[in-house]
Amino acid sequence: MSGSWFLEHLWLAPLFPFLGFLIIGLGMRNFRPAASSTVAIAAMLASTVVGWGAAIHYFQNPDATPQIPWQYDWLKFSPQLIGRVGVLVDDISMLLVVVVTTISTLIHIYSQGYMHGDKGYRRFFACMNLFSFSMLGLVLSVSLLQIFIFWELVGISSFLLIGYYWEKPSAVAACKKAFIVTRFADLGFLLGLMLLSFYAGGLDFSFLTQSSTIQRLAETHLPVIGLSVLPVAALLVYAGAAGKSAMFPLHIWLPDAMEGPTPVSALIHAATMVVAGVYLVARLFPVFAAAQSAMMVVLIVGTFTALFAAIIATTQFDIKRVLAYSTLSQLGYMMLALGVASWENPLGFTASMFHLTTHACFKALLFLGAGSVIHAVHTNDMREMGGLRHKMPITHATFLIACLAIAGVPPLSGFFSKDEILAAAWHSGQYAVFFIALGVAGLTAFYMFRLYFMTFWSEPQVPEKYHHAHESPLSMTAILAALAVPSIFAGLIPFGHYVKRGELELHGINWWIAGASIAVGLSGIAMAWLLYRRPNELPDRLAYAFGPLHKVVFHKFYIDEIYLFVTKKIIFRGISAPFNWFDRKCVDGFMDLVAQTTLRAGGWLRKTSTGRLQTYFIWVLAGGLFLGLILWQSHPELLWTLAFAGLGAIVLALVWQLALSLSGKSEPLKKIDRD
Amino acid sequence: MNTPGLNHFLILSALLFCIGIYGLLTRRNLIAMLMSVEIILNAGALNFVAFHHFRHGGEPGGVVFPLFIIAVAAAEAAVVLAILIALYRHKKDLDVETSDTLKH
Amino acid sequence: MMKTLLFYLISAAALISAGMVVSVQNLFRGAFALIGMLLSVAGLYLLMDAQFLSAAQVTVYIGGIVVLIVYVVLLLGGGVRSSEARSVRWRNAAAAVLAAVLFVALAAVFANPDFQPAASAKPRSATVEEIGHALLSPGANGFVLPFEIISILLVAAILGAVSVARARDDDV
């Protein structure tokens, strides 16, 4: 098949895992568990083949331009505003397709070993396929509408997978937290989407990124507030991205998401889903580039998150938590890179996408390695580990490679991507950002090697666990090795050649910047080596010395507690409670009023049924006379009078009943079952 | 006063009819109700004969019909009285007010 | 002139007896008042030259129906055993009002002067011969079919009355 076949049939890439989800989820209950993983992996492999085929074809072609091989006009709101779904092919979508399919496939294979024997094995693979489908659909989205739909689908997949161990209350709480926080952020996304659809008149990315559209948006102003639509809409959309990519202060869900199985953390919360926010900003780069205030927010929030998360990571003891905060920090880096990019200096764009790719590789490797370790010692707490390099050689080796990569040690991939981000920051003139990013790089090296030394060096802290530890099965270690390859070599790809916006001049390496980053990286590693290679009291004495500061950082700056306070004291008591009162007393009360009135009216009308013959005669005679009168003289006014009298009776009954209820005299009211 | 014409007889029959209606709606004893019904029937027959006499003398139907009314009244009275007898055996009184089992 | 006087006298008698029927508590007196009313109506029929009808009225109505009523009154004792007093005043008042309204409506219709035939036409009633012919003639102006059916009706009524009223084994 020629390369263009893959491009034209790129819609197969999300379709395969979707079919896998359906088949496994609906049909494979009575099959052996291994069959589910086989189907899932087969689907992902097929998807990977299609994805690579299309990407290779796209990148090989020097004249490649963004194209849409397939599209469907789904929702026609008006002749101009049409919600379309389709497949968008351009540099970043092809890049992400490759990343998502490859890493997903590798993690699917790893999970065969990791999840072996687990009761929900089939459910796991069905949800993993569902996630892959959703992520691929997101990445290939053609319009804001489509990306929003897949955005939510990804959210649901994440929810299902975080809550995989649903018997654990902490897992349930975590998946709820993730979903609620991201959903809340998506409110902003939706508002931004609505603003854009209204003021721009279209939802397609190709339309929204045109300079004419952007110009028009910049000149249009919102009615009441008077601000220009462009930055407001961009910021609102960014709110959604900030939620999904766990930027401060919406980062709280990501550390808790570690309740899910480790392959889930690797795939969703490191390599793919969390980068959806970065991807969205990248997708809408022309919009953000034109809205300076929005870009500044992106930059500041990203930088802050990077620093904030890195500081917290230095104090945590749960191996997955450290990695989670590391992910937060690296995501901050990616947003930072986008934030410093502009049309004059678009290096940040390429740097962000570059780092996204390398990070996906080594972070997935880190998580999977952590999973291997957890699998061996049955604990997440690093204080119970130690000396594992003797027992788990392959895990150790690959883990070390990943740590070196994330620390930015050349010539591994992380060095190149991090260096490009630093270079972009420097060249954009944002020197404060540069120095903060440099500091974060040092911190990254430190806490990663702290983790490494505590786990693989030092002394075994819990002898029984050490004794039982063993290397993981081949299905897991092979994947670790497979991921180690791009972690080492991915940096050598001339990214700027393939993925860029605007005119990118490739300078080559700026040795001052490179030197600075290598220096901070090595010093971080050295610090960690000093403190953690052998068990000693230095870390505890340092923690003691920093006293309250250390306590605050260890408790993650008490952000969760602040959230809880605001929610319970302010929102629940201040807003929800009055609404609840209104709903119960007034709304329910009104319904009861109507019901009561009906009951009373019925009871009153019941009295006409006396059972006495002569009463009935009287009614017949009276009715007959009345009708005769009407028919004889044709007095329609009488009928109107009757109608008004009837209405008046109903109103009177309601008022009467209301008076009775308010005075508390109506007993049947209490008998109505409210539930 | 002029000779009683059709209108006089008609108004008389209307009066009798209304008296009968009043009796039907008011009396508690079932036999009294039956007697009121007879008044009503007679009023109707009187109406027939009045019209017949003053306007349609050539049509014997104006007299035949009241004959039929009388015959039917007889049949009806017989049946009603039989029912009353059966009712009385059951309840020992002929008060229409106590027969209210169709009450709500 | 004679006619006028008779008419008003007989009418008064009819009305007064009807009033007595609807008001007296003693059923015997009610039955006799009914006889009075029926006799008055028979008189009115005579005033309208319907002799046969008047005779039939006296024979059948008074001699048959009222006698039957009197039998039953004797048999059952005319008991009105009202145990609970029920508020019938409102109902009676309503009945009176309705009856009055009905009368006003009917009178309004019946007072129409166009009902009166032309002065030239002489009011008459059918003769016995005509009635006889009518009763036994088939066809459009004949009443033989209703005549026969009424005989069936009378048989049915007799059978029904007997079967309803006869004493059962389980009754006293």
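Only heavy atoms go into these numbers, but all of them, side chains included; no hydrogens, no water, no symmetry mates. A note on names: the letters A, B, ... follow the listed sequences, proteins ahead of strands, and every chain is numbered from 1. Predicted model only: the values in this text are computed from it and were never measured.
- B:R55 and C:D114 make their closest contact through NH1-O, 3.3 Å (heavy atoms, listed as atom of the first residue, atom of the second, distance).
- Both the backbone and the side chain of C:M48 come within contact range of chain B, judged by heavy atoms closer than 4.5 Å.
- Contact of the B:I39 side chain with the C:V22 side chain is registered, since non-hydrogen atoms from C-beta on lie closer than 4.5 Å.
- When heavy atoms are compared at a cutoff of 4.5 Å, B:V64 approaches chain C solely by way of its side chain, counted from C-beta outward.
- Ranked by non-hydrogen atom pairs under 4.5 Å with chain B, the options C:Y45, C:F52, C:F147 are led by C:Y45.
- Between chain C and the options B:I21, B:L81, B:N47, B:V79, the largest number of non-hydrogen pairs under 4.5 Å is found for B:L81.
- For a residue to count as touching a neighbouring chain, one of its non-hydrogen atoms must lie under 4.5 Å from one of that chain's; by this rule B:I70 touches chain C with backbone and side chain alike.
- Considering CG of B:L25 and CG of C:N92, their distance stands at 9.0 Å, rounded to 0.5 Å.
- At a 4.5 Å heavy-atom cutoff, the contact between C:L68 and chain B is made by backbone and side-chain atoms alike.
- Atom CZ of C:R124 has more than 12 heavy atoms from other residues, nucleotides or ligands within 6.0 Å.
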Determine, stepwise, if the pair C:L44 / B:L12 fulfils side-chain contact (heavy atoms from CB on, under 4.5 Å).
CA-CA 11 Å; C:L44 286 171; B:L12 172 65; 3.5 Å; yes
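- Between B:L94 and the options C:L76, C:V72, C:V73, a side chain to side chain contact (heavy atoms under 4.5 Å, CB included) holds for only C:L76.
- For B:F9 and C:F7, the ring centers are positioned less than 6.0 Å apart.
- For B:L30, no part lies under 4.5 angstrom from a heavy atom of chain C.
- With values rounded to the nearest 0.5 angstrom, C:M20 atom CE is found 12.5 Å from B:I19 atom CD1.
- The two residues C:L106 and B:A14 come nearest to each other via the heavy atoms CB-CB, 4.0 Å.
- Listed options B:F51, B:F54, B:F17 were ranked by heavy-atom pairs under 4.5 angstrom with chain C; first place goes to B:F54.
- Using a 4.5 Å cut-off between heavy atoms, B:A50 contacts chain C through both its backbone and its side chain.
- In terms of heavy-atom pairs under 4.5 angstrom with chain B, the leader among C:A107, C:A99, C:A95 is C:A95.
- Heavy atoms only, all atoms of each residue included: B:V63 and C:A126 are closest at CG2-CB, 4.4 Å.
- Between C:F103 and B:I11, the closest side-chain pair of non-hydrogen atoms falls below 4.5 Å.
- Between chain C and the residues B:G20, B:A71, B:G61, B:P4, the most heavy-atom pairs under 4.5 angstrom are made by B:P4.
- Top candidate by heavy-atom pairs under 4.5 Å with chain B, chosen from C:L153, C:L98, C:I150, C:V162, is C:I150.
- Top candidate by heavy-atom pairs under 4.5 Å with chain C, chosen from B:L16, B:V80, B:V49, is B:V49.
- Of the residues considered (C:T127, C:I131, C:V109), C:I131 shows the highest number of contacts with chain B, using heavy-atom pairs under 4.5 Å.
- If you take OG1 on C:T4 and NE2 on B:H8, they are separated by 8.5 Å, rounding to the nearest 0.5 Å.
- For the pair B:S13 and C:F110, the tightest heavy-atom approach, listed with the atom from each and the gap, is OG-CE1, 4.4 Å.
- The residue among C:A156, C:A96, C:A105, C:S151 with the most heavy atom pairs within less than 4.5 Å of chain B is C:A96.
- Proximity of a side-chain donor or acceptor of B:H56 to a complementary backbone N or O of C:S125 within less than 3.5 Å is not detected.
- Annotation for B:T26 and C:R91: closest pair O-NH2, 3.8 Å, computed over non-hydrogen atoms.
- A side-chain donor-acceptor contact under 3.5 Å links B:R89 to the backbone of C:A165.
- One side chain, C:Y61 or B:N42, offers a donor N or O that lies under 3.5 Å from an acceptor on the other.
- Of all the listed residues (C:V60, C:I158, C:I69), the one sharing the greatest number of non-hydrogen pairs under 4.5 Å with chain B is C:I69.
- Of the listed residues B:K91, B:E38, B:E59, the one with more heavy-atom pairs under 4.5 angstrom with chain C than any other is B:E38.
- Heavy-atom distances place both the backbone and the side chain of C:A18 under 4.5 Å from chain B.
- Inter-residue side-chain proximity for C:V66 and B:M35 is flagged as unmet; no heavy-atom pair is nearer than 4.5 Å.
- When heavy atoms are compared at a cutoff of 4.5 Å, C:L102 approaches chain B by way of both its backbone and its side chain.
- A distance-only check finds a donor-acceptor pair linking the side chain of B:N7 to the backbone of C:N112 [under 3.5 Å].
- Between C:A157 and B:A75, the shortest heavy-atom distance links the atoms CB-CB, 3.6 Å.
- Going from atom CZ of B:F48 over to atom CG of C:L53 covers 11.5 Å, rounded to the nearest 0.5 Å.
- No part of C:S163 comes within reach of chain B, as not one of its non-hydrogen atoms sits under 4.5 angstrom from that chain.
- Within 6.0 Å of CD in C:E129 there are 12 or fewer heavy atoms belonging to other residues, nucleotides or ligands.
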